Amino acid sequence: MDFFSILLVSVGVAMDAFAVSLGIGTTGQARTRRPIFRLSFHFGFFQAMMTLLGYLAGTTIASLISGVDHWIAFILLAFVGGRMIQEGFGGGEEKASCADPSRGGMLMMLCVATSIDALAVGLSMALVTVNIMNASLMIGLVTGGLSLVGLLLGGRLGACFGKRMEILGGLILVGIGLRVLITHLM
């Protein structure tokens, strides 16, 4: 697999993380450098590691995951998106502070949900000639960079449109989950 092909795969795999980052950015919960770094770093790290894990697992685990991967991604994204929508309709500032998407369980759910496709990409890379370390690194860097762009762009949109963007961000996450589910079921 050549550099350009891996770059295209990297961008394709990173789109879910970009969209999720855009949605989170609209909530205004990732305004400072620390949560922005945590989110973009973890999205990139998880994408890289899941690609590598998929490659290492080869075809052994593919049959176990392929039947449920889309359901896992849908449930995780719908849960996080539903919470964002709920907070968008609620007015309390304390609610927003305890649902920090850049920490703890929420961060892990988002990372897993957006990196399941990377696991499948890694599984498929096991069937072709590729330097998996370079491919995983590129996927991680592209995902981290696009996540950063999504967070910053979403932050600007959120500053302009307030709580409506938080609801939109939640709807985007639920929509991504539905897209993953429908794509795999059809």
Side-chain angles (χ1 to χ4, degrees), residues 1 5-27 39-40 42-89 99 101 104-128 130 132 135-136 138-140 142-144 146-147 149-151 153-154 165-186:
M1 197 175 243
S5 298
I6 295 172
L7 181 62
L8 288 176
V9 168
S10 299
V11 171
V13 170
M15 283 298 108
D16 283 350
F18 170 76
V20 168
S21 297
L22 188 64
I24 290 170
T26 62
T27 67
L39 283 161
S40 57
H42 281 92
F43 283 158
F45 179 76
F46 266 73
Q47 292 279 23
M49 290 300 108
M50 290 293 260
T51 302
L52 185 59
L53 181 64
Y55 181 84
L56 295 175
T59 57
T60 327
I61 199 169
S63 62
L64 299 173
I65 293 177
S66 66
V68 295
D69 65 345
H70 49 283
W71 285 105
I72 293 169
F74 169 70
I75 289 168
L76 293 174
L77 289 170
F79 175 76
V80 174
R83 287 192 57 174
M84 287 172 64
I85 293 168
Q86 181 182 15
E87 290 171 11
F89 282 117
M106 183 76 72
L107 176 61
M108 290 300 112
M109 283 193 306
L110 289 170
C111 288
V112 169
T114 59
S115 64
I116 288 176
D117 287 347
L119 183 69
V121 166
L123 287 167
S124 66
M125 284 185 173
L127 306 174
V128 298
V130 65
I132 192 60
S136 293
M138 184 180 296
I139 287 171
V142 168
T143 300
L146 286 176
S147 297
V149 169
L151 287 163
L153 182 61
M165 290 308 293
E166 188 167 1
I167 295 167
L168 179 62
L171 291 172
I172 288 171
L173 292 184
V174 173
I176 292 168
L178 283 171
R179 181 189 57 83
V180 167
L181 183 63
I182 291 169
T183 301
H184 281 78
L185 290 178
M186 294 187 166

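Position 1 is the first residue of the sequence; numbering continues from there. Computed from a predicted model, the values in this text were never measured in an experiment.
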Are any non-hydrogen side-chain atoms of [X] and [Y] less than 4.5 angstrom apart?
X    : Y   : answer
S10  : I6  : yes
F43  : D16 : no
V121 : Q47 : no
L110 : I24 : yes

List for me each residue that meets side-chain contact (heavy atoms from CB on, under 4.5 Å) alongside L7, sequence neighbours excluded, and say none if there are none.
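L7 satisfies side-chain contact (heavy atoms from CB on, under 4.5 Å) with F3, M138, V142 only.
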Just verifying a value: how many Å separate [X] [atom1] and [Y] [atom2], rounded to the nearest 0.5 Å?
X    : Y    : atom1 : atom2 : answer
F45  : S136 : CZ    : OG    : 11.0 Å
S115 : I139 : OG    : CD1   : 11.0 Å
C111 : M50  : SG    : CE    : 10.0 Å
T51  : F46  : OG1   : CZ    : 12.5 Å

Closest heavy-atom pair and its distance - [X], [Y]:
X    : Y    : answer
P101 : L39  : O-CD2, 3.3 Å
V13  : A118 : CG1-CB, 3.9 Å
T143 : A14  : OG1-CB, 3.4 Å
A48  : G140 : CB-CA, 3.9 Å
A135 : V130 : CB-CG2, 4.0 Å
G82  : V174 : N-CG2, 4.1 Å

So which pairs with a foot in residues 104-114 pass salt bridge (Lys or Arg N to Asp or Glu O under 4.0 Å), sequence neighbours left out?
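Those involving residues 104-114 do not exist here.
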